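Okay, structure first, notes after.
Naming convention: chains lettered A, B, ... in sequence-line order (proteins, then strands); numbering from 1 in each chain. All figures in this text were calculated on a predicted structure; none of them were measured in a lab.
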Protein chains: 2
Amino acid sequence: MVTYGSIVTDDDLVFKALADPTRRFLLDLLFQRDGRTLKELESGLEMTRFGVMKHLKILEDADLVVTRRSGREKLHFLNPVPIRLIHDRWIDKYREREVSALLALKTELEKD
Amino acid sequence: MVTYGSIVTDDDLVFKALADPTRRFLLDLLFQRDGRTLKELESGLEMTRFGVMKHLKILEDADLVVTRRSGREKLHFLNPVPIRLIHDRWIDKYREREVSALLALKTELEKD
DNA sequence: ACCATAGGTGACCAATTAGTCACCTGTCAA
DNA sequence: TTGACAGGTGACTAATTGGTCACCTATGGT
């Protein structure tokens, strides 16, 4: 594997975090409604608390999820900034128009 | 590991493809300039041809890269659609304004 | 004070993935 | 038509990652 001198960049954390379906589902849950606790998130998944906790830590390290403590609870919030930066990396103004038109057409065609 | 019945969804291919730094670098190269051959892409990487080929296949399977044959060469093009769909999954109109404002502020602050 | 509850750590095993190599196919030009 | 060149496949190894468990700390209600 190419490690580039074992340097782990910011974007590497983000993309690795997004690579797992469970973590994407956690982001989906937080997209629906923010500020949930581990307990609450855990109840929606067929996995032990430890598994979910590990996934949340990976999302937090990637800054895709930010947290706030409240007593003995820890509240989780979705941070959309890293997602936007992915978009901006490979979609410039030119491609933006291209893609928008394509997706609008797709929506139109699926309207049948 | 959670396999969800070993179902591999479209978005899984995309996110897995983006999880590797070499593949992201390949997308960067194609973002700069489209229509490159394997030979050309290979020359920019410290890896055997086989490694690069495997990465390109993964990108192609994920539809992040589309190709066109031309004689004995195969030309590679960046497809921005899957990237845009990632954005749309976790950024709605509300967050859109939020994020734009935040990134504009960041740019402003870094202008020193 | 006590105990139930929410969250946290390090070690461990199983499954997946990155990279290389020997070997093969199709195309072009002399 | 033959040799060099562009691309392709399947098998293999080493490293990484996902999930669980035994065990631990901190907070809040009664």
Phosphate oxygens OP1/OP2 of [N]: is one of them under 4.0 Å from a side-chain N or O of [X]?
X	N	value
A:H55	D:dT17	no
B:K74	D:dG8	yes
A:R36	C:dA6	no
A:R23	D:dG18	yes
A:T48	D:dT20	yes

Original post:
Can a salt bridge be assigned to the pair B:K111 and B:E108 using a cut-off of 4.0 Å between side-chain N and carboxylate O?
Top reply: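 A salt bridge is present here (some side-chain N lies under 4.0 Å from a carboxylate O).
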Between [X] ([atom1]) and [N] ([atom2]), how many Å, whole number?
X	N	atom1	atom2	answer
A:E42	C:dA6	CD	C1'	10 Å
A:F50	D:dT17	CZ	C1'	19 Å
A:D20	D:dT16	CG	P	18 Å
A:M53	D:dA22	CE	P	14 Å
B:I58	C:dT16	CD1	C1'	12 Å
A:F25	D:dG18	CZ	P	17 Å
B:R69	D:dG7	CZ	P	8 Å
B:H76	D:dA6	NE2	P	14 Å

Given [options], which nucleotide is nearest the side-chain atoms of [X]?
X	options	value
B:R72	C:dG8, D:dA6, C:dT20	D:dA6
B:E73	C:dC21, D:dA6, D:dC23	D:dA6
B:L38	C:dG8, D:dG7, C:dT20	D:dG7
A:M47	D:dG8, D:dT20, C:dG19	D:dT20

Subject >> Closest-nucleotide 5' rank along DNA chain D - winner of A:K54 and B:L75 >> reply: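 Nearest nucleotide further toward 5': that of B:L75.
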Original post:
Want to settle it: does A:R49 or A:S70 sit nearer the 5' end of DNA chain D, counting the closest nucleotide to each?
Top reply: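 The residue whose closest nucleotide sits nearer the 5' end is A:R49.
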Original post:
Under 3.5 Å, side chain of B:R97 to main-chain N/O of B:V99, donor-acceptor pair present?
Top reply: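 Looks like no, no N/O pair under 3.5 Å.
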**OP:** Working to the nearest 0.5 Å, report the span between CD1 of B:I83 and CG of B:L78.
**Re:**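 It comes to 7.0 Å.
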So, do [X] and [Y] sit near enough that their side-chain heavy atoms are less than 4.5 Å apart?
X	Y	result
B:L75	B:T67	no
A:H76	A:L59	no
B:I86	A:H87	no

Original post:
Touch check for A:K57, heavy atoms < 4.0 angstrom, all strands: base, sugar-phosphate only, or nothing?
Top reply: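 No contact.
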**OP:** Mind checking A:G51 for me? I need base, sugar-phosphate or nothing, with any heavy atom below 4.0 Å counting as a touch.
**Re:**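 Answer is base: heavy atoms of A:G51 come under 4.0 Å of a base.
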Original post:
Same cluster for B:V81 and B:F31 if Ile/Leu/Val/Met/Phe/Trp/Tyr side chains link at under 4.5 Å?
Top reply: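 B:V81 and B:F31: separate clusters.
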**OP:** Report yes or no: do B:H55 and B:R23 form a side-chain donor-acceptor pair below 3.5 Å?
**Re:**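 A pair is found: one side chain offers a donor N or O, the other an acceptor, under 3.5 Å apart.
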Original post:
Between the base of D:dG7 and the side chain of B:K39, is there a donor-acceptor distance below 3.5 Å?
Top reply: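 There is none.
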Original post:
If we fit an axis to the first five pairs and another to the last five of the helix from C:dA1-D:dT30 to C:dA30-D:dT1, what angle do they make, to the nearest 10°?
Top reply: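 Both end axes considered, the difference amounts to 30°.
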